[in-house]
Amino acid sequence: MKVQFPKKIKNGELVTNLQASMAGRALGDLVSISEHSEGIVIKISKLGTSTLQFDREDEGKFAVFTLTSEKIAFAHKAFKDDVKAKLVTVIEKSGGTILES
């Protein structure tokens, strides 16, 4: 999965925007987002923990975040596509564009 945002956005600002987009949604109770040295980490916690690590690379006018590490809890495997679709909605609501899913 690759996602792009305007290059001017800082990782911390992106985390704040994504969290705000999840506020009031059931997904917001299950998901935490944090910065890491290369980009952001999304953790999904319920009946286990799944971790998605996105590394940032600046390309022209955009910051491109590429999924570089994915650890899916056994209990989450059946819901992976549903959660991914919900994350896509949150990303788009935060001003991001999905480049590849």
Side-chain angles (χ1 to χ4, degrees):
M1 174 180 239
K2 277 190 174 186
V3 181
Q4 78 179 15
F5 287 88
K7 185 177 181 178
K8 65 182 179 181
I9 196 164
K10 305 262 188 278
N11 292 351
E13 181 182 355
L14 177 58
V15 167
T16 300
N17 291 348
L18 291 170
Q19 289 171 334
S21 293
M22 288 189 302
R25 302 178 66 149
L27 191 63
D29 295 335
L30 306 174
V31 175
S32 66
I33 305 170
S34 60
E35 290 183 74
H36 78 92
S37 61
E38 303 295 323
I40 62 171
V41 174
I42 298 173
K43 288 189 180 182
I44 303 150
S45 301
K46 184 174 183 179
L47 301 173
T49 301
S50 294
T51 305
L52 307 171
Q53 179 175 317
F54 290 84
D55 289 346
R56 177 184 179 140
E57 187 175 328
D58 291 339
E59 297 178 5
K61 296 179 182 180
F62 299 101
V64 177
F65 292 83
T66 304
L67 179 63
T68 56
S69 175
E70 178 181 87
K71 296 177 185 171
I72 306 297
F74 181 75
H76 296 172
K77 290 183 185 202
F79 305 103
K80 180 180 173 182
D81 290 337
D82 185 43
V83 170
K84 188 175 179 181
K86 289 178 181 180
L87 284 174
V88 165
T89 300
V90 168
I91 289 165
E92 290 173 341
K93 188 176 176 183
S94 299
T97 303
I98 307 302
L99 298 178
E100 61 183 60
S101 49

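The figures here come from the full heavy-atom set of this structure, side chains too, leaving out hydrogens, waters and symmetry mates. Sequence positions, counted from 1, serve as the residue numbers for this chain.
Placement of Ile9 and Val88 within a single hydrophobic cluster is found when ILVMFWY residues are connected by side-chain heavy-atom separations under 4.5 Å, directly or transitively. In the hydrophobic clustering of ILVMFWY residues, with side-chain heavy atoms under 4.5 Å counting as a link, Phe5 and Ile98 come out together. By the criterion of side-chain heavy atoms lying less than 4.5 angstrom apart, applied directly or through intervening Ile, Leu, Val, Met, Phe, Trp or Tyr residues, Leu67 is not grouped with Val64; the two fall into different hydrophobic clusters.
Residues Thr51 and Thr49 are in side-chain contact: their nearest non-hydrogen atoms beyond the backbone lie under 4.5 Å apart. You'll find the side chain of Met1 stays beyond 4.5 Å of the side chain of Thr66, heavy atoms only. Looking at Leu52 and Val41, their side chains never come closer than 4.5 Å, going by heavy atoms from C-beta outward. For the pair Phe65/Asn11, a side-chain contact is recorded, criterion being any heavy-atom separation below 4.5 Å from C-beta on.
For Asp55 against Gln53, the heavy-atom pair with the smallest separation is OD1-NE2, 3.1 Å.
Note that the CD1 atom of Ile72 and the CD1 atom of Ile44 stand 6.0 Å from one another [nearest 0.5 Å]. Residue Ile42 holds its CD1 atom at 11.5 Å from OG of Ser50, rounded to the nearest 0.5 Å. Distance check, rounded to the nearest 0.5 Å: CD of Glu100 to NZ of Lys2 gives 5.5 Å. Rounding to the nearest 0.5 angstrom, the gap separating the CG atom in Leu30 from the NE2 atom in His76 is 8.0 Å. Rounding to the nearest 0.5 angstrom, the gap separating the CD atom in Gln4 from the CD atom in Glu57 is 12.5 Å.
In this structure a side-chain-to-backbone donor-acceptor pair under 3.5 Å is missing from Thr68 to Phe54.
Under 4.0 Å is where a charged nitrogen must lie from a carboxylate oxygen, and between Lys80 and Glu70 at least one such pair does.
Legend: residues meeting salt bridge (Lys or Arg N to Asp or Glu O under 4.0 Å) with Asp58, ordered by chain and number and at least two apart, are Arg56.
Other residues, nucleotides and ligands contribute at most 12 non-hydrogen atoms within 6.0 Å of the NZ atom of Lys46.
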Between side-chain atoms of residues 13-23 and protein atoms elsewhere (two or more places apart, or another chain), which donor-acceptor pairs fall under 3.5 Å?
from	atom 1	to	atom 2	distance (Å)
Thr16	OG1	Gly12	O	3.1
Gln19	NE2	Ile33	O	3.2
Ser21	OG	Asn17	O	3.1
Ser21	OG	Ser94	OG	2.7

